[in-house]
Chemist: 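I'd like to ask you about the structure that follows.
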Amino acid sequence: MMAALKRVLILWLPGLAILLAGLQRAFVTGQTDPWDWAWPALAVMAPMGLWLARRGWPLLAWTMGGVASALLFCGIAAGRWPDPVAAIGLVVVALSAVVGGALVRPVSPLNAKRMAGGVALLALAALLAWRGPAQPIQPATARPALAVITALPLFWDQQGRADAAIVTVLRTRFTVQPIDDARQLDSSPARLLLLAQPRAMPPEALVAVDRWVRSGGRAVVLADPLLRWPSDLPMGDRRRAPATSLLEPLLDHWGFAFDRIEDGERRWFLPDGTLLTLSGVQMSSGSNMVQRKRIGRGEVVLLGDADLIDDRLWLADPARPLDPRLWSADTPARVTHWLGATTPGDRRWMREGSDVVAALRWAILAGIGWAILGALLLRRAGPGRSMRTKKVYPEGEAPKSG
């Protein structure tokens, strides 16, 4: 009984350790990226290979089922299959680690080729775990001009000039040009505009924006009815962004309308699986969060929320905005998409809390079931029975009965 329990624990605990270690990063961002489990798989499977090599390859191979628990968690928590490339990458990392660990185990006589092969596999696993995941975003070669009109602190903070995290990402795809007066659009080469919660604009400035769009410009408008962007500036300070959108005359002229406000902060999934974290968003009569219209020869994309570009709602580490693995929402990618550019990566996200609980439960149960099945099928793989030999008696001596 104890031997069977030992086999079950040997097969179950590595997978459980990998699953729990990877969850630490996954819970920080909310992403279900199999690469988050790559380093835990390497750290667990290499020692397992070193330890279990003498017990035989069947038992060693069965421990590979541990990474399946992580992949099962990713699939159930996100409600869609994990990215195939990332899933295969995780399996390759675990397989290379366990086989590499087994090959570097000292044996007699010492086999240099065997040791070299093990070291090479461990190096391959480490290289994949390091370079396999999505890498920080690199600047594009061609970057069209993007004009930005806003009262939000996107280009300055309390200490002076400083780009907000969203601007850091936008600069990799566009040549960003802050504009104070919309009438400067007429002389600007920009055919793209981000109009995000601006201050009150005189009629001449609203006319200039309308004229610029109708002549072929594309504008992304963020008009927030309940801005919650934190600020240390006192109420009434002209440097504060307006608490509510002041663009109603222009939006009414273009034919946009809202019928209600979804109060509170919430995670919002678009039909393609993209995740946005919103705060006090205005909705149209058709329950559409994003509205699009052709205006003359141009186009306007309207979203009734500006808080979504605050890095507190989409970035887990403010010091690394260019690393998509540290995003907690797809906000930079979606804003970039609305402006006509793209960013690499297809991120999958944990859905509701109940989905995460169910995913964790099924991942643990699947790991236990796999371990029990392996213990039953591989019960003869232990050294106690595999090393037994038939006893040879001296000539003329018979075995004692009883």
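Scope of the values below: all heavy atoms of this structure, side chains included, with no hydrogens, waters or symmetry mates.
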Chemist: Using side-chain hydrogen bond (donor to acceptor under 3.5 Å, both in side chains) as the criterion, list what pairs up with Asp330, not counting sequence neighbours.
Modeler: Arg347, Trp349

Chemist: Quick one, Arg297 with Arg214, criterion side-chain contact (heavy atoms from CB on, under 4.5 Å). Give me CA distance, side-chain angles, the key distance, then yes/no.
Modeler: CA-CA 5 Å; Arg297 291 187 288 118; Arg214 292 182 183 277; over 6 Å; no

Chemist: Taking all heavy atoms of Ala145 and all of Gln177, pick out the closest pair and write down the distance.
Modeler: CB-NE2, 3.9 Å

Chemist: Taking Thr277 for the side chain and Arg267 for the main chain, is one N or O donor matched with an acceptor at less than 3.5 Å?
Modeler: no

Chemist: Evaluate the side-chain proximity of Trp51 to Arg105: yes if any heavy-atom separation is below 4.5 Å, no if none is.
Modeler: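 They are not in contact (no side-chain heavy atoms under 4.5 Å apart), so the answer is no.
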
Chemist: Decide yes or no on side-chain contact (heavy atoms from CB on, under 4.5 Å) for Gln31 and Cys74, but give the supporting numbers first.
Modeler: CA-CA 9 Å; Gln31 296 189 36; Cys74 291; over 6 Å; no

Chemist: For residues Leu185 and Leu193, determine if any side-chain heavy atom of one lies less than 4.5 Å from a side-chain heavy atom of the other.
Modeler: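 Side-chain contact under 4.5 Å: yes.
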
Chemist: Which heavy-atom pair separates Leu227 from Ala241 by the least distance, and what is that distance?
Modeler: CD2-CB, 3.7 Å

Chemist: Show me the donor-acceptor pairs, under 3.5 Å and distance only, between side chains in residues 356-367 and residues at least two apart or in other chains.
Modeler:
none

Chemist: For Arg320, check salt bridge (Lys or Arg N to Asp or Glu O under 4.0 Å) against everything at least two apart and list the hits.
Modeler: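 For Arg320, the residues satisfying salt bridge (Lys or Arg N to Asp or Glu O under 4.0 Å) (neighbours in sequence not counted) are Asp323.
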
Chemist: Any non-hydrogen side-chain atom of Ser215 less than 4.5 Å from a side-chain atom of Arg191?
Modeler: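 Yes - at least one pair of side-chain heavy atoms lies under 4.5 Å apart.
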
Chemist: What residues form a ring pair (Phe, Tyr, Trp, His ring centres under 6.0 Å) with Trp370, not counting sequence neighbours?
Modeler: Trp62

Chemist: Indicate yes or no: at least one non-hydrogen side-chain atom of Trp37 is less than 4.5 angstrom from one of Val67.
Modeler: no

Chemist: The criterion is salt bridge (Lys or Arg N to Asp or Glu O under 4.0 Å); which residues satisfy it with Asp305, sequence neighbours excluded?
Modeler: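 For Asp305 there are no salt bridge (Lys or Arg N to Asp or Glu O under 4.0 Å) partners, ignoring immediate neighbours.
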
Chemist: Determine whether Thr29 and Trp327 satisfy the following criterion, side-chain contact (heavy atoms from CB on, under 4.5 Å), listing intermediate values before the conclusion.
Modeler: CA-CA 6 Å; Thr29 63; Trp327 295 356; over 6 Å; no

Chemist: Test your reading of the model: is there a side-chain donor-acceptor pair from Arg173 to the backbone of Thr343, 3.5 Å cut-off?
Modeler: no

Chemist: Counting C-beta onward and ignoring hydrogens, is there a side-chain heavy-atom pair between Ile149 and Leu194 closer than 4.5 Å?
Modeler: no

Chemist: Check residues 79-103 and write down every donor-acceptor pair under 3.5 Å in which the side-chain atom is one partner and the other belongs to a residue at least two apart or another chain.
Modeler:
| unit_1 | atom_1 | unit_2 | atom_2 | d |
| --- | --- | --- | --- | --- |
| Asp83 | OD2 | Ala86 | N | 3.1 |
| Ser96 | OG | Val92 | O | 2.8 |

Chemist: Does Thr274 use its side chain to pair, donor to acceptor, with the backbone of Leu270 at less than 3.5 Å?
Modeler: no

Chemist: Got a list of side-chain donor-acceptor pairs under 3.5 Å for residues 307-314, not counting sequence neighbours?
Modeler:
| unit_1 | atom_1 | unit_2 | atom_2 | d |
| --- | --- | --- | --- | --- |
| Asp307 | OD1 | Arg228 | N | 3.1 |
| Asp307 | OD1 | Trp229 | N | 2.9 |
| Asp307 | OD2 | Arg228 | N | 3.0 |
| Asp310 | OD1 | Arg312 | N | 3.3 |
| Asp310 | OD1 | Arg312 | NH1 | 2.7 |
| Asp310 | OD2 | Arg312 | NH1 | 2.9 |
| Trp314 | NE1 | Ile309 | O | 3.2 |

Chemist: Please confirm whether the backbone N or O of Ala196 pairs with a side-chain atom of Thr150, one donor and one acceptor, at under 3.5 Å?
Modeler: yes

Chemist: Output side-chain donor-acceptor pairs under 3.5 Å for residues 12-25, partner residues at least two apart or in another chain, one line each.
Modeler:
| unit_1 | atom_1 | unit_2 | atom_2 | d |
| --- | --- | --- | --- | --- |
| Arg25 | NE | Asp36 | OD1 | 3.3 |

Chemist: Please give me the minimum heavy-atom distance between Trp254 and Lys293, naming the atom from each residue.
Modeler: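 Looking at all heavy atoms of both residues, the closest pair is O-CD, 3.4 Å.
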
Chemist: Is there a side-chain contact between Val290 and Val301 (heavy atoms, below 4.5 Å)?
Modeler: yes

Chemist: Could you check whether any side-chain heavy atom of Leu192 comes within less than 4.5 Å of a side-chain heavy atom of Pro144, counting everything from C-beta outward?
Modeler: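 Answer yes - side chains close enough.
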
Chemist: Within the distance-only criterion (no hydrogens, no angle test), does the side chain of Thr168 pair as donor or acceptor with the backbone N or O of Ala164 below 3.5 angstrom?
Modeler: yes

Chemist: Closest heavy-atom contact between Met289 and Val281?
Modeler: CG-CG2, 4.0 Å

Chemist: For the backbone of Ala223 and the side chain of Gln282, can you confirm whether one donor and one acceptor N or O come within less than 3.5 Å of each other?
Modeler: yes

Chemist: Show the nearest heavy-atom pair for residues Ala77 and Thr32, with the distance to one decimal.
Modeler: CB-CG2, 4.0 Å

Chemist: For a quick test of reading the model, state the closest non-hydrogen atom pair linking Ala43 to Pro47 and the distance between them.
Modeler: O-CD, 3.0 Å

Chemist: Sequence neighbours excluded and cut-off under 3.5 Å, please list the side-chain donor-acceptor pairs for residues 127-139, or say none.
Modeler:
| unit_1 | atom_1 | unit_2 | atom_2 | d |
| --- | --- | --- | --- | --- |
| Arg131 | NH1 | Gln135 | OE1 | 3.1 |
| Gln135 | NE2 | Arg131 | O | 3.3 |
| Gln135 | NE2 | Pro133 | O | 2.8 |
| Gln138 | NE2 | Pro136 | O | 3.4 |

Chemist: When you check the gap from the basic side-chain N to the acidic O, do Arg348 and Asp33 get nearer than 4.0 Å?
Modeler: no

Chemist: Side chain to side chain contact (heavy atoms under 4.5 Å, CB included) with Ala208: which residues, sequence neighbours excluded?
Modeler: Arg183, Arg211

Chemist: What donor-acceptor contacts under 3.5 angstrom involve side-chain atoms of residues 243-251, with partners at least two apart or in another chain?
Modeler:
| unit_1 | atom_1 | unit_2 | atom_2 | d |
| --- | --- | --- | --- | --- |
| Thr244 | OG1 | Pro225 | O | 3.2 |
| Ser245 | OG | Leu247 | N | 3.3 |

Chemist: Salt bridge or not between Arg334 and Asp272? Use side-chain N to carboxylate O under 4.0 Å.
Modeler: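 Here Arg334 pairs with Asp272 in a salt bridge, since their nearest N and O are under 4.0 Å apart.
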
Chemist: Apply the test side-chain contact (heavy atoms from CB on, under 4.5 Å) to residues Met283 and Phe258: give CA-CA distance (whole Å), side-chain angles for both, the deciding distance (0.1 Å), then the verdict.
Modeler: CA-CA 6 Å; Met283 306 292 292; Phe258 299 103; 5.8 Å; no

Chemist: Applying side-chain hydrogen bond (donor to acceptor under 3.5 Å, both in side chains), can you list everything that pairs with Trp338, at least two apart in sequence or on another chain?
Modeler: none

Chemist: Is any side-chain N of the basic residue among Arg292 and Glu299 closer than 4.0 Å to the acidic one's carboxylate O?
Modeler: yes

